[in-house]
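Below is one structure; the comments refer to it alone.
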Amino acid sequence: MVYLPENSDTLGILHTFAFGLADPPEMGIRSGPVFNVAEAFTLNLVRLKSLMAFPAYLADFSSHIHRFQLIAHHEEFDDFDIENRLNDGPTAKKLFKRFQELFHERTQSLIDMQNDASKLEKLANDMAEKGGAIAVIISMSAAAANSFELAMMSYITSAWTMFETAAADLWEAALNYRPQGLAELSGAKRYRRRDANRAKDEAQKLEKSVKLDSIRAHEWDTRNRMGSILRDKFAFTTLGRIREAYESAFYKKADDIDKVITNECFDRLSALRNVIVHKAAKADAEYVRRCRDFPALPQVQKGDKITFHGQMVANLIYDCSNATCALIIVVDAWLADNAINPPDGDTHTAVD
């Protein structure tokens with residue numbers, strides 16, 4: 001165990017490592033098209049988790065390399081005058097050979113346990129615990145602290161991209177699978193906006209016409225294509241437009257969908273992502289206004305640089321990843337509960 005002074009993790013990076021080690025949520029999906037969306041989101045989440053745990057693993061890996069170098073040197077000379085001896089070619093070559101032997105033994109031990117899930121889990125936890133402590137020590141330097149903060153910003157932007165992609169793909173898959181009703185985009189405006197006026201990126205009135213080019217791109221075949229054809233009507237790059245797409249398509253029995261898509265964790269993620277990407281993490285008037293709506297956001301004044309803490313970052317990504325999984329689950333349930341019941345083989349009649 002690496003000793004850590006009390007309160008040394010001022011950036012809270014141990015929280016990001018802990019999230020990186022956690023298993024992704026499980027989703028029991030019933031609809032084939034939704035299964036593909038769920039699988040893609042899970043893989044993306046695993047990738048982000050691996051990225052978040054990587055600094056701890058790298059620090060632990062580096063500590064083993066250094067330890068093997070020390071062992072090799074001590075076995076040969078019984079002292080620690082390493083720097084001078086590594087400048088001597090023949091000696092350095094001999095020491096490196098012994099280091100390779102030790103490193104190979106370590107690598108082989110990892111290979112031997114690759115089919116033992118319990119050992120792998122314990123190894124991952126041990127590596128994160130020791131490597132995480134080393135990473136905290138490294139983060140105590142100003143230069144490293146800045147790098148860790150930049151990494152946390154990338155976790156936020158990646159989490160937004162994951163949600164944005166999953167929400168768009170899920171909406172498209174749902175309309176492709178069940179165009180009856182959904183593709184009419186007749187859902188009532190029911191999501192309460194936090195602004196007196198609708199956001200600039202939201203259309204005042206949804207235009208339902210479709211360009212011929214959109215249909216031509218699918219060789220004039222609209223069967224199982226309506227989601228793909230209509231997707232371009234919404235810019236799934238902003239939270240307002242994502243929500244508008246869902247309230248427009250899911251026109252009935254959508255309370256569960258409404259509850260998830262309006263989860264405030266998405267508002268907080270969107271606010272942070274926008275200020276990172278567009279304002280280099282310096283608070284603008286829009287972000288300050290968001291702070292008043294959502295006290296859980298880092299509270300700063302206009303023009304101030306936002307400070308990112310690992311606990312806030314990990315908790316927000318945890319909430320948003322769970323909410324995205326919940327969205328996939330409730331849309332899957334909606335499709336199952338509003339399944340098409342074909343009379344006499346007519347597959348274009350919906351149960352309403």
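Keep in mind that the numbers below use all heavy atoms, side chains included, and drop hydrogens, waters and symmetry copies. Numbers here are sequence positions counted from 1.
To the nearest 0.5 Å, atom CD of residue Glu164 and atom OG1 of residue Thr324 are 11.5 Å apart. In this structure, OG1 in Thr107 is found 10.5 Å from CG in Leu102, a value given to the nearest 0.5 Å. One distance of note links OG1 of Thr10 with NE2 of His309; it measures 7.0 Å at 0.5 Å rounding. Note that CE of Met312 and CG of Leu272 are 5.5 Å apart. Values are rounded to the nearest 0.5 Å. Remark: Arg290 CZ to Asn274 CG distance equals 8.5 Å, nearest 0.5 Å. Here Glu129 contributes atom CD and Ile134 contributes atom CD1; the two are 11.0 Å apart, rounded to the nearest 0.5 Å.
Side-chain contact between Ser248 and Glu184: absent, with no pair of heavy atoms (C-beta onward) separated by less than 4.5 Å. Residues Leu327 and Phe41 have side chains not in contact (no heavy-atom distance under 4.5 Å, counting atoms from C-beta outward). Asn263 has its side chain out of reach of Leu269: every pair of non-hydrogen atoms, C-beta onward, lies at least 4.5 Å apart. Side-chain atoms of Ile276 and Ile156, non-hydrogen and from C-beta on, do get closer than 4.5 Å to each other. With contacts defined as side-chain heavy-atom distances shorter than 4.5 Å, the pair Trp171/Phe234 qualifies. Side-chain contact check for Tyr177 versus Leu182: every heavy-atom pair is 4.5 Å or farther apart. Proximity of Leu110 to Gln114: side-chain heavy atoms (C-beta onward) are nowhere separated by under 4.5 Å. By the 4.5 Å heavy-atom criterion applied to side chains, Glu105 and Gln108 are not counted as neighbours.
Looking at every heavy atom in both residues, Lys233 comes nearest to Leu185 through CD-CD1, 4.3 Å. When all heavy atoms of Ile257 and Val331 are compared, the pair lying nearest together is CD1-CG2, 4.1 Å. Counting all heavy atoms, side chain and backbone alike, Arg98 lies closest to Ala72 at CG-CB, 3.6 Å. What you find for Val300 and Cys291 is that their closest heavy atoms are N-SG, 4.4 Å. Taking all atoms of both residues into account, the shortest heavy-atom contact from Cys265 to Cys320 is O-SG, 3.3 Å. Residues Ala183 and Leu230 come closest through the heavy atom pair O-CD1, 3.5 Å.
The cluster map of Ile, Leu, Val, Met, Phe, Trp and Tyr, joined by side-chain heavy atoms under 4.5 Å apart, puts Ile306 and Leu150 in the same cluster. Phe308 and Phe54 sit in two unconnected hydrophobic clusters of ILVMFWY residues. Membership requires side-chain heavy atoms under 4.5 Å apart, directly or through other members. No single ILVMFWY cluster, assembled from side-chain heavy atoms under 4.5 Å apart, contains both Met140 and Ile138. Note: the hydrophobic cluster containing Phe294 also contains Tyr287 (ILVMFWY, side chain heavy atoms under 4.5 Å, direct or indirect links).
Residues in residues 136-147 take part in no salt bridge (Lys or Arg N to Asp or Glu O under 4.0 Å) pair, two or more places apart or across chains. The ring-ring contact (aromatic ring centres under 6.0 Å, His included) pairs that include a residue from residues 263-282 are Phe163-Phe266, where partners are two or more places apart or lie in different chains. For residues 298-308, there are no side chain to side chain donor-acceptor pair (under 3.5 Å) pairs, not counting sequence neighbours. For residues 99-152, the pairs satisfying ring-ring contact (aromatic ring centres under 6.0 Å, His included) are Phe61-Phe103, Phe96-Phe99, Phe99-Phe103, with sequence neighbours left out.
By the 6.0 Å contact criterion, CZ on Phe236 is enclosed, its count of non-hydrogen atoms from other residues, nucleotides or ligands being greater than 12.
A search for ring pair (Phe, Tyr, Trp, His ring centres under 6.0 Å) contacts involving Phe250 returns Tyr246, Trp334, not counting sequence neighbours. The side chain to side chain donor-acceptor pair (under 3.5 Å) test applied to Asp60 returns Lys130, not counting sequence neighbours. Partners of Asp258 by side chain to side chain donor-acceptor pair (under 3.5 Å), not counting sequence neighbours, listed by chain and number: Arg190, Tyr191. Annotation: side chain to side chain donor-acceptor pair (under 3.5 Å) contacts of Lys259 (sequence neighbours excluded): none. Looking at residues two or more places apart in sequence or on another chain, you find a side chain to side chain donor-acceptor pair (under 3.5 Å) between Asp169 and Arg231. Under the salt bridge (Lys or Arg N to Asp or Glu O under 4.0 Å) criterion, Asp116 pairs with no residue at all, not counting sequence neighbours.
Under a 4.0 Å N-O distance rule, the pair Arg268/Glu264 qualifies as a salt bridge. In summary, Lys97 and Glu101 do not engage in a salt bridge, as defined by a charged side-chain N under 4.0 Å from a carboxylate O.
A donor-acceptor contact shorter than 3.5 Å links the side chain of Ser154 to the backbone of Ala151. Under the 3.5 Å distance criterion, the side-chain polar atoms of Glu247 are left unmatched by any main-chain donor or acceptor of Lys189. Judged by distance alone, with hydrogens and angles left aside, the side-chain atoms of Thr165 form no donor-acceptor pair with the main-chain N or O of Met162 at under 3.5 Å.
The hydrophobic cluster analysis finds Leu43 isolated: no Ile, Leu, Val, Met, Phe, Trp or Tyr side chain comes under 4.5 Å of it, directly or through other members.
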Worksheet item: Step by step, would you call Met52 with Leu48 a side-chain contact (heavy atoms from CB on, under 4.5 Å)?
Response: CA-CA 6 Å; Met52 294 173 73; Leu48 177 57; 4.0 Å; yes
Discussion item. With side-chain contact (heavy atoms from CB on, under 4.5 Å) as the criterion, how do Lys253 and Asn338 come out once you've worked through the C-alpha distance, each side chain's angles and the decisive distance to 0.1 Å?
Written reply: CA-CA 9 Å; Lys253 301 178 183 178; Asn338 295 275; 3.8 Å; yes
Worksheet entry | Audit row: Arg273, Val277, side-chain contact (heavy atoms from CB on, under 4.5 Å) steps and yes/no | CA-CA 6 Å; Arg273 179 266 177 193; Val277 172; 3.9 Å; yes
Show me the donor-acceptor pairs, under 3.5 Å and distance only, between side chains in residues 14-29 and residues at least two apart or in other chains.
from: Thr16; atom 1: OG1; to: Ile13; atom 2: O; distance (Å): 2.6

